[in-house]
Amino acid sequence: MTSIDLLPARQTISDAFPGFAVSVLVAATAQFLSEHYGAPAMLLALLLGLALNFLAEDGTRTAPGVALTARTVLRLGVALLGARISVDMLAGLGGPAIALVVAGVVLTILFGLVAARFVNRDWRFALLTGGSVAICGASAAMAIAAVLPRHERSERDLAFTVLSVTVLSTVAMVLYPMLSGLFGFTPRDSGVFLGGTIHDVAQVVGAGFSIGPETGETATLVKLIRVSMLAPVVLCFSLVIRARGLADQEGGKRPPLLPGFVLGFLVLAALNSVGVIPAVLADWAGVLSRWALLIAIAAVGIKTSLKRMLDVGGVAIGLIVAETIFLGVFVVAGLHFLS
């Protein structure tokens, strides 16, 4: 069985449907509220889900479907992100800017690993928070969580990370355009700064186009380059975890070397690069990916106890804020060096 199989062998559609339907309803409600009140849909889906945690308790009809949705629909959403990536897109920004973005991703993850040791957080939490800050916020958090060895705090840590990066992205969407003006960046450099530092795609678009069209287009392009790092980073994590013998066992067997959803991401990116995927189809894949991730994060919220999530403590909040500041300082320093 691959990691993108739609149903585990012991689950039927009738078992999974109630929980899946509840997750879809929560996601649709979050999207409605987001469109009418301006709050991030991911944040709303998570908060609404947390309020419905009783639906994931053992013995409820919705529990199996919620668990399935949090796992399988998530992987589908991550795989579909690949349809937005192409080689031409990467080449359009130029070598130095791409090198700056890639270095920012790698160094932020390494910074998270080092910083976590000083605050007594384990390597799983460091990779989860560092990767989500470095790459693409909530989407990266969910993709990375799918390959990390599971433990009793896995759902709590994921929910905390999604909540934190979404809130920080919203704050950055307001604050970073003002910092861009303060630093005296050109429209293009402003786009690199915003796209290279803000966590979630929607907030990058909002911040970039609040300055101007050139900044908005550059910020979106830079952000998608960070998104393209998702598959290589998740693959590297998977390889290291596997090599150290820390991977979860599936039916007594080691998991596949390349997770199915990462393979799907890479295949779609390759097809888009050679022009096989029409632009309209790539756009639809992007929409479907966004809905899949929204439904999945609603399910993650339902599975997570708010009381347990609050137990994560102020140290964890400090760690993810420190990772965000590190990435911002690195990109600003890199832009000044390149100019």
Side-chain angles (χ1 to χ4, degrees), residues 7-8 10-34 37 39-78 121-122 124-125 128-129 132 137-146 148-170 200 248 290-317 319-320:
L7 287 173
R10 296 182 180 177
Q11 270 190 339
T12 65
I13 292 176
S14 60
D15 291 332
F17 181 75
F20 174 74
V22 167
S23 301
V24 171
L25 181 60
V26 171
T29 303
Q31 182 62 33
F32 175 84
L33 293 173
S34 175
Y37 298 101
M42 282 281 189
L43 176 61
L44 291 171
L46 179 61
L47 294 176
L48 289 170
L50 286 169
L52 299 174
N53 174 246
F54 63 91
L55 294 175
E57 293 177 357
D58 291 339
T60 60
R61 289 188 62 198
T62 50
V66 168
L68 175 73
T69 302
R71 181 176 65 253
T72 304
V73 177
L74 152 67
R75 294 174 178 182
L76 173 64
V78 173
R121 290 287 166 174
D122 70 3
R124 299 180 191 87
F125 191 77
L128 183 63
T129 58
S132 63
S139 303
M142 291 188 283
I144 292 167
L148 291 178
R150 299 189 64 78
H151 57 100
E152 67 276 7
R153 298 184 301 276
S154 292
E155 298 294 346
R156 182 204 71 179
D157 289 349
L158 175 57
F160 164 79
T161 303
V162 170
L163 178 64
S164 299
V165 294
T166 305
V167 170
L168 288 171
S169 284
T170 304
D200 287 316
D248 291 332
R290 184 181 177 282
W291 272 104
L293 292 172
L294 192 62
I295 292 167
I297 198 58
V300 168
I302 295 171
K303 286 186 65 180
T304 304
S305 165
L306 179 59
K307 181 179 181 300
R308 288 189 65 199
M309 194 178 76
L310 294 176
D311 289 341
V312 73
V315 170
I317 297 172
L319 175 62
I320 203 166

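Small disclaimer: the values here were computed from a predicted structure and weren't measured. Only heavy atoms go into these numbers, but all of them, side chains included; no hydrogens, no water, no symmetry mates.
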For this session: With rounding to the nearest 0.5 Å, note down the distance linking CD in Glu57 to OG1 in Thr62.
Result: 9.0 Å
Exercise. Do Thr60 and Val66 come close enough that some side-chain heavy atom pair is under 4.5 Å?
Worked result: no
For this session: Please tell me if the side chains of Phe160 and Ile317 come closer than 4.5 Å, counting only heavy atoms from C-beta onward.
Result: yes
Problem set entry | Val73 and Phe20: CA distance, side-chain angles, deciding distance, side-chain contact (heavy atoms from CB on, under 4.5 Å) verdict | CA-CA 9 Å; Val73 177; Phe20 174 74; 4.1 Å; yes
Exercise. Is there side-chain contact between Ser132 and Ile144, with at least one heavy-atom pair below 4.5 Å?
Worked result: no
For this session: Walk me through it: do Thr29 and Leu48 pass the test side-chain contact (heavy atoms from CB on, under 4.5 Å)?
Result: CA-CA 9 Å; Thr29 303; Leu48 289 170; 3.9 Å; yes
Exercise. Going by heavy atoms in the side chains, are Arg124 and Asp157 under 4.5 Å from each other?
Worked result: no
Seminar exercise, completed: d(Arg75 CZ, Leu293 CG) to nearest 0.5 Å is 13.0 Å
Problem set entry | Among Leu294, Val26, Val162, Ile302, side-chain contact (heavy atoms from CB on, under 4.5 Å) partner for Leu46 | Val162
Exercise. How long is the gap from CG on Leu52 to CG on Leu47, to the nearest 0.5 Å?
Worked result: 11.5 Å
Problem set entry | Shortest non-hydrogen contact between Pro149 and Ser154, atoms and distance | O-OG, 4.2 Å
Problem set entry | Any Glu155 side-chain heavy atom under 4.5 Å of Arg150 side chain | yes
Exercise. Minimum heavy-atom separation for Asp15 to Pro64, with atom names?
Worked result: O-CB, 4.0 Å
Seminar exercise, completed: Note: Ala27 and Ala298 closest approach over all heavy atoms is N-CB, 4.2 Å
Seminar exercise, completed: Taking every heavy atom of Ala41 against every heavy atom of Ala30, the minimum-distance pair comes out as O-CB, 3.7 Å
Exercise. Under a 4.5 Å cut-off applied to non-hydrogen side-chain atoms, are Leu158 and Lys303 in contact?
Worked result: no
Exercise. Going from CG on Leu44 to OG1 on Thr166, what distance comes out if it is rounded to the nearest 0.5 angstrom?
Worked result: 10.0 Å
Exercise. How about Val300 and Ile297: do any of their side-chain heavy atoms sit closer than 4.5 Å?
Worked result: yes
For this session: Any chance you could measure Phe125, atom CZ, to Ile320, atom CD1, to the nearest 0.5 Å?
Result: 6.5 Å
Exercise. Under 3.5 Å, is there a donor-acceptor pair between the side chain of Ser169 and the main chain of Asp200?
Worked result: yes
Exercise. Below 4.5 Å, heavy atoms only, C-beta onward: do Leu43 and Leu163 meet side chain to side chain?
Worked result: yes
Problem set entry | Neighbour count above 12 (heavy atom, 6.0 Å) for Tyr37 OH | no
Seminar exercise, completed: Taking every heavy atom of Ala138 against every heavy atom of Val165, the minimum-distance pair comes out as N-CG2, 3.7 Å
